Amino acid sequence: MRQIVLLVLLFCFAQAYEYNKLLLRTQSSLYPKLIVMDRKLSSHINDRRIDLYILVTSIDWLYGRYIKEQLDKLFPKGVGGYILRTKVVNFSTFLADKEKSADAIYLLKAKEEILEKVAKKIEGKNIYSFTYEKEDLLFGFLFNVSIEKEVVIYINKRVLLRNDFEFMPELYQMARFIEP
């Protein structure tokens, strides 16, 4: 009986951190392209290199590596004339870093208090932020791509206005805005 309970608990725990690989591939293919739609990109990134950090918890490290591999495969020569450098970083390491080392972040699942800390750290610093889950935009992140009946781009209007981003009008026409 104990073994059955243990197996059920392990199965539930494993399922709690499952990701949709189609969604991960879709997000990976679109997020760098959204960055280069910013007309003010050159004022935010001076070295012609976009440092995109994939933020993960320890349990999601393999998913972070999967995303990094997807991005490196999709954008080997960069995007929009910029080199794309990807790095998998643990949330705690990112939060402990005092410098603005990332130009963009892609957040996987994490506890609310961690997401709040990350949002506070990047607030107003012109860091492009992307979430795996649409609901996480409410913590203070900029973009999410979801697959519903079609692929939908969500933009957090409050975050957009608190930063110095100026995206191409076509992006605004395609996207849906959320206002937390």
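Computed from a predicted model, the values in this text were never measured in an experiment. Computed from heavy atoms alone, side chains included, the values below leave out hydrogens, waters and symmetry copies.
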Looking at Val56, Leu115, Ile54, Ile114, which one forms a side-chain contact (heavy atoms from CB on, under 4.5 Å) with Leu107? Leu115
Please assess Asp103 against Ile127 for the test side-chain contact (heavy atoms from CB on, under 4.5 Å), listing each intermediate value before the final yes or no. CA-CA 5 Å; Asp103 300 308; Ile127 295 176; over 6 Å; no
For [X] and [Y], which heavy atoms make the closest approach, and how far apart are they?
X	Y	answer
Leu71	Ser28	CD2-O, 3.1 Å
Arg48	Gly81	NH2-O, 3.2 Å
Gly64	Leu108	N-CD1, 4.0 Å

With Arg25, which residues qualify under side-chain contact (heavy atoms from CB on, under 4.5 Å), at least two apart? Lys21, Leu22, Tyr66, Gln70
Please identify each residue that fulfils side-chain contact (heavy atoms from CB on, under 4.5 Å) with Asp47, with sequence neighbours left out. Ile45, Arg49
Is there a side-chain contact between [X] and [Y] (heavy atoms, below 4.5 Å)?
X	Y	result
Phe130	Ile35	yes
Leu160	Phe167	yes
Ile67	Tyr106	yes
Tyr82	Leu41	yes
Ile153	Leu171	yes
Phe75	Thr86	no
Tyr31	Tyr128	no
Asp60	Leu62	no

Pairs touching residues 79-95 that satisfy salt bridge (Lys or Arg N to Asp or Glu O under 4.0 Å), sequence neighbours left out: Asp51-Arg85
Tell me which pairs pass salt bridge (Lys or Arg N to Asp or Glu O under 4.0 Å) where either residue lies in residues 65-75, with sequence neighbours left out. Lys68-Asp72
For Phe165 and His44: C-alpha separation, side-chain torsions, deciding distance, then whether side-chain contact (heavy atoms from CB on, under 4.5 Å) applies. CA-CA 9 Å; Phe165 301 130; His44 302 181; 3.5 Å; yes
If hydrophobic clusters are built from ILVMFWY residues whose side chains come within less than 4.5 Å, do Leu34 and Ile83 share one? no
Treat each ILVMFWY residue as a node, draw an edge where side-chain heavy atoms are under 4.5 Å apart, and state whether Val152 and Ile178 are in one component. yes
To the nearest 0.5 Å, what is the distance between [atom1] on [X] and [atom2] on [Y]?
X	Y	atom1	atom2	result
Leu52	Ser129	CG	OG	10.5 Å
Met37	Leu30	CE	CG	10.5 Å
Met168	Met174	CE	CE	10.0 Å

Salt bridge (Lys or Arg N to Asp or Glu O under 4.0 Å) against [X], all qualifying residues, sequence neighbours excluded:
X	value
Glu148	Lys134, Arg176
Glu133	none
Arg158	none

Give a yes or no answer on whether the side chain of Lys121 reaches the backbone of Asp97 with a donor-acceptor pair at less than 3.5 Å. yes
Taking the side chain from Lys109 and the backbone from Glu18, do they hold a donor-acceptor pair closer than 3.5 Å? yes
With sequence neighbours excluded, tell me which residues meet side chain to side chain donor-acceptor pair (under 3.5 Å) with Ser92. Asn90
Output all residues satisfying side chain to side chain donor-acceptor pair (under 3.5 Å) with Glu135, sequence neighbours left out; order by chain, then residue number. none
Check: residues 136-147 side-chain donor-acceptor pairs under 3.5 Å, at least two apart:
unit_1, atom_1, unit_2, atom_2, d
Asn144, OD1, Ser146, OG, 2.6
Asn144, ND2, Thr131, O, 2.9
Asn144, ND2, Thr131, OG1, 3.1
Asn144, ND2, Tyr132, O, 3.3

Which residue pairs satisfy the side-chain hydrogen bond (donor to acceptor under 3.5 Å, both in side chains) criterion with at least one member in residues 163-175, sequence neighbours excluded? Lys40-Asp164
